Structure formats: structure tokens, C-alpha cells
Number of protein chains: 2
Amino acid sequence: MSAEVPPGYDPYAFEPFAVTVDLAVFTVREHVLQALLIERGEEPYAGRWALPGGFVRREESAEEAARRELAEETGLSGPNAARLHLEQLRTYSDPGRDPRMRVVSVAFAALVPDLPEPRGGGDATGACWRPVADCTGLAFDHDRILADAHERVRAKLEYTCLGTAFCPAAFTLGELQQVYETVWGVALDRPNFRRKVLASPGFVERMPNAPRRTGGRGAPAALYRAGSAATLQPPLMRPEGRTP
Amino acid sequence: MSAEVPPGYDPYAFEPFAVTVDLAVFTVREHVLQALLIERGEEPYAGRWALPGGFVRREESAEEAARRELAEETGLSGPNAARLHLEQLRTYSDPGRDPRMRVVSVAFAALVPDLPEPRGGGDATGACWRPVADCTGLAFDHDRILADAHERVRAKLEYTCLGTAFCPAAFTLGELQQVYETVWGVALDRPNFRRKVLASPGFVERMPNAPRRTGGRGAPAALYRAGSAATLQPPLMRPEGRTP
DNA sequence: GCAAAAGTGTTACTTGTACACCCATGT
DNA sequence: ACATGGGTGTACAAGTAACACTTTTGC
């Protein structure tokens, strides 16, 4: 662990890196998977779109930094903050990923329900939701980070209960199914989807209230909330063919 | 991204972190899943066991640093280096995980076949393979890192072709099955295991040579090598009950 | 011969899939 | 009335698990 360190040289006094977090924040809005972008105000990449993020402070972990930045960028706090899924994706450390100096970035993927406002008290010059398909030409290596996060989310819906993270506190099974269809880009059979979800213990729980009648035309649907389970047994497979 | 930076203060001139890599290197030796440990020669935790690792240099990425450290620690090079699976696990960044200063560590999980020698030209005072069940009381937060890596490997065997990474260049289906039984700690039905493996396209390929007769008593087994596929469709499920 | 390991086959059962069908609501 | 979405039932195909059986080696 220390052969490459010259004798008498404190190994902890060299090779300083800057450490940042980058956030790939996803939501489902208007039947489309969207990501949160900010417009950079400074060089490098001034005026370009980028993933939200920022520096890790001395007294906090990367997870805490990610949660703080997310709150600043989206205004997510209080009861909403509890309904948020935040997960470490991986760390990007290529030398040269920032033209100025060595910056190592811990990337996170976040899943949030459809929020009323695109951003809260953020400090970026501009923040907006954008369909992930249109998120190209981002600053730094953020195209790559977003693509990795997208694939991670797609895969995780198969064997975890993460789909509920895209839904509000109370949701119908039809809304949950739309989340899956949107993220995977396929059409699912409604009766079979129902059965699988209800057969997975702890995936969803029925809310002890009355069903709602949305503005939409159709029979009133029962309301559910996210259950306590984290993983899905058996997994909810995503079919390969078939586009919606 | 810059609201917390005082105006006129270069955001890239503050909060220096040290960045290291830590490696959870696994192999299957004598029907037991083992991890590579080194004995620390310096404070803190002098004399304690730890995961191999080291500092990321200025001109390399974390992946390159991990590969370099692994080569130093195990003597893995040349043809063996190609047969190695190295994968980023996650990044550990709790303040206080190193008592001296802020160290952010990018952890990797590595899977290697049963190597002839425990270590090559490593620089640690001591290195050895140890059954993962006995790897407790490690330095820093390495207990946690090893546990996370162990669970990752267990899970990844289900839906990827990673099992072959534990095997030599040529192996029998019986050896591959032992890998799964060892990592999962369960007994598998041999006929069914065969069928699933052979039915997964690109998982294994038959070697165009003669079967071998090992010292073991039994019929000679056909030899296979790792295929080109990375993911497994359908997955190879791990049963829940039953201990071997 | 016997134990151990490779390899093949068969059966019972569980699961997934693709539908058909009815109900409730808004326009 | 009818389109739309919620909810239930069912027949068939596909996959899985469990086990019996044969073959080939070493001792």
C-alpha cells in the first residue's frame, strides 16, 4: 500500500483530488421518463446543460452531499424528501474528465414522483425536466453518467420495488403500470401486471380509504401506497419485443 | 453548483481529499470462498488485516489504479490478467473512516481463478487468502466493504455469467457447479444445472479438444471455456432452503 | 465389486402468457 | 350509447424441480 511512496514522505500529503457528486434525477411526467438538468453559468461548458451536483464538503459523506444538493435543486424537503429514492451509481474518475484539474465524481441516481415545480430554491441559472431521449450534448462526461443511470433504473425495476418511488404517496395500479411501461418502453398486460404486483408481499398495500375517481373516464380505482419490501420475489420481468 | 462558494474564491482550490482504491478479491479454493487480505505494516491499524489497496495516482483512473494494485498484490499479469473480472462496487466516503484525514475510497470487487501462489511481488508485509467467513475485525471500514462485495458477487452469479471468472481457462461443468454451490452455500441438482448452463447461449463453449481425466475417480468430463455472453437469460436462480 | 462423478431421460408440478369477459364512470 | 379504464377468470404453453437410470473411471 506504500511502495510507491518515497520514504520519509507523508503519503497523506500528496495527490489532492476534488470530490464532487453528480445527480441523475428521474421522474415520469406526461408518460415520458424525464431527467433534471441545470444550465451551467460558468466555464467550463458555460451555457451547456449538465446534471445537477456540487462539491462534497469536509464534514459530510457523498450521500449527505447528494441529498443536500438534491434538496437545493428541487426544493425537495419535509414529507417529500422521505418519498425519494437515492442510490449510489458509481464513481467517475478518468483524468481529464474536468479540463481544469483532477475531479473525482460520485454519481447518484434519484427517483422522485412527479413534482409540482421543476425546481425549488436552487442556485443554478436554470433548471428543467427534459425527456431522457433528448438529453444529449451534456457537459463533462454527463452523457455517459446519465446513460449508466438510465440503464440502472431500467434494470432495477425488474427485481426491486422501486417503481413506487416514481408515484405519489397514494397511487392506483394503473399509474404504477404506466411507470413500468414508460421506463421500459413496452406495453404490459394489465391483468397479469395486477396479479404479479399484488402477489409480491410488501410491494404495495391497499390504503384504508375510499377509492378515487379521477377526472379520467373509467371505473374508480383502488388506491395503494408503497409497501415495506425492498426486493421483488419473484422478479417482474421486462419483455423484449412489443412497443406500446 | 456554486452557491456555497464565497464569491472570488476559486471553488477548485478547496476541500482536498485523498482518493484510494480498496479491493475485495475473491477466489474459490478448496471448496471455500476466500478473500485476499494483507497485513498492515503502518499506523493506523498496524498489524491488523485489511483489504489490499492504495492511492490513485494523478495520471490514472480508479479502474487503472485498481488493476495496478491487483497486479502488485497478486502477481497477476499476462494471460492471467485477461481472465480477471474487475468491477466497481461503490465509493465509501464517510468522514472519519480514516482517523488521519479525509480519504474517499473507491471499492472494487475482483474475481480470480484459484491462483498457484497467494501473492506475487506485492509490497505488503504479508498477504494471504482467508475464508470470507473468517474475515472479521479488518482495518478501517473494510468489514463493511467486504460484506457489500460478498453480497454483490452472490447476486451477480444469478443473472450474469460471472461464475466462469472463478474457473481456470478450461473447466468442467462439475467445477463450475461447485463454484455456484460454494458462493451460494447451497446444493444444486446436477442434471438441472447442466441443462440451464448449456441452454444459455454464450455462457460456456465446448473446447475442441479431448476430455480430461482428473485424479478424481469418475467418468472423464468434457472441458468448457467461458463464452462471450455477459448476462444470463434466463437467470440462474439460487434456491433458498437446503444446505449442502 | 463398489464408490464417485459424468451424462441422459422422464414426469409432475408451478408459473407465465394471452386472451375473453364484466363492471363502473364520464361525455 | 359508447369509449375508457378497473377488475376477475381461465385455458394453454413454457419452465422448473425432483428423481430414476446408464456409463466410465479409480481403488
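Lettering of chains follows the sequences in order, A, B, ..., and the numbering in each one begins at 1. Treat the numbers as computed from the prediction; the structure is a model and nothing was measured.
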Check: protein-nucleotides 21-24 of chain C nitrogen or oxygen pairs below 3.5 Å:
residue	atom	partner	partner atom	Å
C:dA24	N3	A:A219	N	3.4

message: Are A:V179 and A:C167 packed together at the side-chain level, in the sense that at least one heavy-atom pair is separated by less than 4.5 angstrom?
response: yes
- prompt: With a 4.5 Å heavy-atom cut-off, do B:T27 and B:L36 have their side chains touching?
  reply: no
query: If you measure from the Lys or Arg side-chain nitrogens to the Asp or Glu carboxylate oxygens, is any gap between B:R152 and B:D148 under 4.0 Å?
result: no
- request: Examine C:dT15: is either OP1 or OP2 under 4.0 Å from a nitrogen or oxygen in the side chain of A:K196? Give yes or no.
  value: no
Table of protein N/O atoms under 3.5 Å from nucleotides 10-15 of chain D N/O atoms:
residue	atom	partner	partner atom	Å
D:dT10	O4	A:R195	NH2	3.3

- prompt: For the helix from C:dG1-D:dC27 to C:dT27-D:dA1, how many degrees between its two end axes (five pairs per end), to the nearest 10°?
  reply: 0°
query: With sequence neighbours left out, what residues match B:K156 under side chain to side chain donor-acceptor pair (under 3.5 Å)?
result: B:E87
Cation over ring face, A:R90 and A:Y92, 6.0 Å, 45°: yes
- prompt: Separation of A:L236 atom CG from C:dG16 atom P, in whole Å?
  reply: 10 Å
- request: Between D:dG6, C:dA18, C:dG9, spot the one nearest the side chain of A:D189, thanks.
  value: C:dA18
task: In whole angstrom, give the distance that lies between atom CZ of A:F193 and atom C1' of D:dG9.
output: 19 Å
- request: Ignoring backbone atoms, test whether A:R194 places a side-chain nitrogen or oxygen under 4.0 Å from the OP1 or OP2 oxygen of D:dT8.
  value: yes
Cation-pi check, B:R40 onto B:W49 ring (under 6.0 Å, within 45° of axis): no
query: Would you say the side chain of B:F108 lies within less than 4.5 Å of the side chain of B:V25, judging by non-hydrogen atoms?
result: no
- request: Mark yes or no: A:R154 above the aromatic ring of A:W184, with NZ or CZ under 6.0 Å from the six-membered ring centre and no more than 45 degrees from the axis.
  value: no
- prompt: How about B:V132 and B:Q34: do any of their side-chain heavy atoms sit closer than 4.5 Å?
  reply: no
- request: Starting from P on D:dG7, measure out to CD on A:E175 and report it in whole angstrom.
  value: 11 Å
task: Kindly point out which of C:dA18, D:dC19, D:dG6 is positioned nearest to the side chain of A:A221?
output: D:dG6
- prompt: Rounded to whole angstrom units, what separation is found between the CG atom of A:L188 and the C1' atom of D:dG5?
  reply: 16 Å
- prompt: Residues in side chain to side chain donor-acceptor pair (under 3.5 Å) with B:R48, at least two apart?
  reply: none
- line: Whole-Å distance, A:L223 CG to D:dG7 C1', equals 15 Å
message: I need the CG-C1' distance between B:L173 and C:dA4, as an integer number of Å.
response: 17 Å
- prompt: Listed in order of residue number, which residues of residues 198-207 of chain A have a non-hydrogen atom at under 4.0 Å from DNA chain C?
  reply: none
- request: Could you grab the distance from atom CG of B:L146 to atom CD of B:E151, nearest 0.5 Å is fine?
  value: 12.0 Å
message: Applying side chain to side chain contact (heavy atoms under 4.5 Å, CB included) to B:F171 and B:V204, what does each step give before you reach the verdict?
response: CA-CA 10 Å; B:F171 54 88; B:V204 297; 3.8 Å; yes
- request: Fit a plane to each ring of B:F203 and B:Y180, take the angle between them on a 0 to 90° scale, and name the class: parallel (under 30°), tilted (30 to 60°) or perpendicular (over 60°).
  value: perpendicular
field: SB check A:R68 A:E64 (cutoff 4.0 Å)
entry: no
